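Not measured: the values here are computed from a predicted model. Letters go in sequence order (proteins before strands), and every chain restarts at 1.
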2 protein chains.
Amino acid sequence: MNSRKTITIKEVAKVAGVSVTTVSRYLNGNLGKMSVATQQKIQQVIQDLNYRPSAAAKNMRSDSTHIIGVIVGDISNVFASMLFTGMYKALQPQNYSVMLLNANDGADEERECVEKLLQQNVDGLIIQPSRSNFEDYYPIVNARTPLAFVDRYVDATPPSVIHVTSDNYEASQRMCEELAGKGYRHIVVVNITTVGTSAQIPRLHAITEAARRLGLRLSVLDLAGGDNAWLTDTLRVISANSAQERTAVVSLMGPLLLRVLAAARELGMDFPRDMGLLSFDDWEWGEYVGHGIDLILQDPETIGRKAGEALLATIRKQPPVSNEIVVPTKRVLGHSL
Amino acid sequence: MNSRKTITIKEVAKVAGVSVTTVSRYLNGNLGKMSVATQQKIQQVIQDLNYRPSAAAKNMRSDSTHIIGVIVGDISNVFASMLFTGMYKALQPQNYSVMLLNANDGADEERECVEKLLQQNVDGLIIQPSRSNFEDYYPIVNARTPLAFVDRYVDATPPSVIHVTSDNYEASQRMCEELAGKGYRHIVVVNITTVGTSAQIPRLHAITEAARRLGLRLSVLDLAGGDNAWLTDTLRVISANSAQERTAVVSLMGPLLLRVLAAARELGMDFPRDMGLLSFDDWEWGEYVGHGIDLILQDPETIGRKAGEALLATIRKQPPVSNEIVVPTKRVLGHSL
DNA sequence: CTGAAAGCGCTAACAC
DNA sequence: GTGTTAGCGCTTTCAG
């Protein structure tokens, strides 16, 4: 029971009175014309000896690890965790394991993560990218490792690379039309530009475009530049004008909504009384805040799952029809508009 | 640039005009008395050839992978994601990678996860256990793989195994005293028993004990047995009596709080008007619900970090003074009691 | 139906 | 200062 030394396929062979080849065949299910007696014998010995095949040795020969490397921008984010959940649901049933690394939204850290995973000889890579130029990802292409990007946008990504995102552009446009229809004349976007690949960027583009088209006034509060006090002060000023010019605050990602709510609480502000509020988010907790916040809900789990499925297909040389996958967001009605 | 075949340490040696030993020494920083010229030459060739050492080959020789295996009960849970975040913060700076697997709160799935990770020859294992008897974990002990349990409880865990949890017992006792002090006479615990290792179990024990001691009436709603409609109905009945006998609902984990809130909303119930509400949770979002929910906040990130640190210490043969680590919870005051 | 033996890429004695 | 070489545990041709 208590095995002191590592036990190898060789010992199993010896004890079972067969050759290593036969054991290897047994392990890999190549039972072509192996006698049932042999099979049983081997099975028995494996149990007795408590034999466990070494993944490293296997990998050295077979050049396939059944490991997928995943790199996210920030693991502490709920979004990332749901992304991962989706990937896992696609990969685990196909018997793939996952190494999860965190790039901390940094270019250098991400490069190191990629390097590490390529050294592990992963069968594929799913990345929520922190670097904005596809050149940065050449090492992956050169290593011939199948690649999928999720959530964020890398310039000049070739069509051979899988890319799964929310319908950021369309959802943002629809949102502006809805706000205009509801009588809002001024949109205050709250964003935070951490990385140049962020999904917030296409959202802001689409909003800018739609606002111009619809004749709405647009302000942008980038929280990368200011602290919470600054946000509070700014919201105070804006809400004062909301009486004349109906105003809606639009938060471009879930974590920002929390900060807006904190500021609003401090100001004793009420939605939609003092201004409208709408946020992109990934989780339905907003339903329980106040009388429910109006949300554009992403589906990170589906994004992750689709990326996993498409990547597996590519690994198996059955690439998806299109590598460009868009996952729809869902408009959750609340009482904050 | 575009390397067709895998390039090995041998090629590097050949091109650099040195032996593989020298290259290996260079790679591992054994620059004992290596001439600077040689070092530069090797460095150059590595770059030119785009050489990447194979982790598998390395592992076969050195018997250390610098990989830690992590198994959680349910990755889609916010708690698990924060646990992981904490572990990562401890492990990544020490240059350890992480393989994250999901046991789906199942004994068999967990066994398979363990098997997979042992085959990968991980340097250590951190598990949020789904099996309640330590015998189930013997394979890990036999493989001499350092082990840490987090969050949940395994019977007969030997002191050689690291164990990091919240202060479940103490926090539950304190809570009961607080409720009694506030005039509550009836406690309704909402729990859901998925696995026999759940931290909810010691919480319930402590509450049971304290309730008896303090003369409080105790009811237990186990949601494993009923659906949301059942919860709603039960709460309706209970709240009707709350006028005579001041009642507090205590949710034993974050996700249950959401279900309680959903039921309460349906009933048009208000806290603390109709009854008191308090919940164990892992995240401060409850602050924004209503006027703020009273919480006993766990610190999963710290739990994960401590487990990672203790595990690393053990791997390095510098085991922590105590393997029994208790992370304090924090009482967050709200307006629901 | 089964075996012998080569070799995957790397490290670490042991030599010089 | 640097090189030779024997394996690590496994898969897989090729040969019976």
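Between the A:Y51 side chain and the A:E11 main chain, no donor and acceptor come within less than 3.5 Å of each other. Between the side chain of B:S130 and the backbone N or O of B:E110 there is no donor-acceptor pair closer than 3.5 Å.
Looking at B:R61, its side chain has no donor and acceptor atom pair within 3.5 Å of the base of C:dG9. On a pure distance criterion of 3.5 Å, no polar donor-acceptor pair joins the side chain of B:R52 and the base of C:dG9. In the interface, the side chain of B:R25 is not paired with the base of D:dG1 through any donor and acceptor atom under 3.5 Å apart. Put simply, the side chain of B:T21 and the base of D:dT4 share a donor and an acceptor less than 3.5 Å apart.
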_Would B:E115 and B:Q119 count as a side-chain contact (heavy atoms from CB on, under 4.5 Å) here? Give the steps._
CA-CA 6 Å; B:E115 198 51 36; B:Q119 290 185 11; 3.8 Å; yes
*Please lay out, stage by stage, how B:T145 and B:L117 fare under the test side-chain contact (heavy atoms from CB on, under 4.5 Å).*
CA-CA 10 Å; B:T145 303; B:L117 291 171; over 6 Å; no
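One interatomic measurement links the two molecules: CG of A:D63 to P of D:dT12, which rounds to 11 Å at whole-angstrom precision. Taking atom NZ of residue A:K10 and atom P of nucleotide C:dA4, one finds them 12 Å apart after rounding to whole Å. Look at CG on A:N30: it is 17 Å from P on D:dC14, rounded to the nearest Å. Rounding to whole angstrom units, CG of residue B:L27 and P of D:dT2 are separated by 15 Å. In this structure, the CG atom of B:N59 is 15 Å from the C1' atom of D:dG7, given to the nearest Å. Note: NZ (B:K58) to C1' (C:dA12) measures 14 Å, nearest angstrom. Rounded to an integer number of Å, the gap from B:K14 NZ to D:dG3 C1' is 16 Å. Whole-Å rounding puts the A:N121 CG to C:dG9 C1' distance at 11 Å.
Of the listed residues (A:N121, A:N59, A:D123), just one forms a side chain to side chain donor-acceptor pair (under 3.5 Å) with A:T65, and that residue is A:D123.
Using a 4.0 Å cut-off, no side-chain N or O of B:S62 falls inside it from OP1 or OP2 of C:dT11. In this model, the phosphate group of D:dT2 is approached by a side-chain N or O of B:T38 to a distance below 4.0 Å at OP1 or OP2. For C:dT11, one of the phosphate oxygens OP1 or OP2 lies less than 4.0 angstrom from a side-chain nitrogen or oxygen of B:N28. Here A:Y51 reaches the OP1 or OP2 of D:dC10: one of its side-chain N or O atoms lies under 4.0 Å away. A sub-4.0 Å separation between OP1 or OP2 of C:dG3 and a side-chain N or O of A:S19 is present. The phosphate of C:dT2 (OP1 or OP2) has a side-chain N or O of A:S35 nearer than 4.0 angstrom.
When the nearest nucleotides of DNA chain D are assigned to A:T8 and B:T22 by heavy-atom distance, the more 5′-ward of the two goes with B:T22.
Base engagement by A:S24 is indicated by at least one non-hydrogen atom pair under 4.0 Å involving a base atom.
Each of D:dT11, C:dG9, C:dT11 was ranked by its minimum atom distance to the side chain of B:V20; first place goes to C:dT11.
Atom CD1 of residue B:I9 and atom OH of residue B:Y26 lie 12.0 Å apart, to the nearest 0.5 angstrom.
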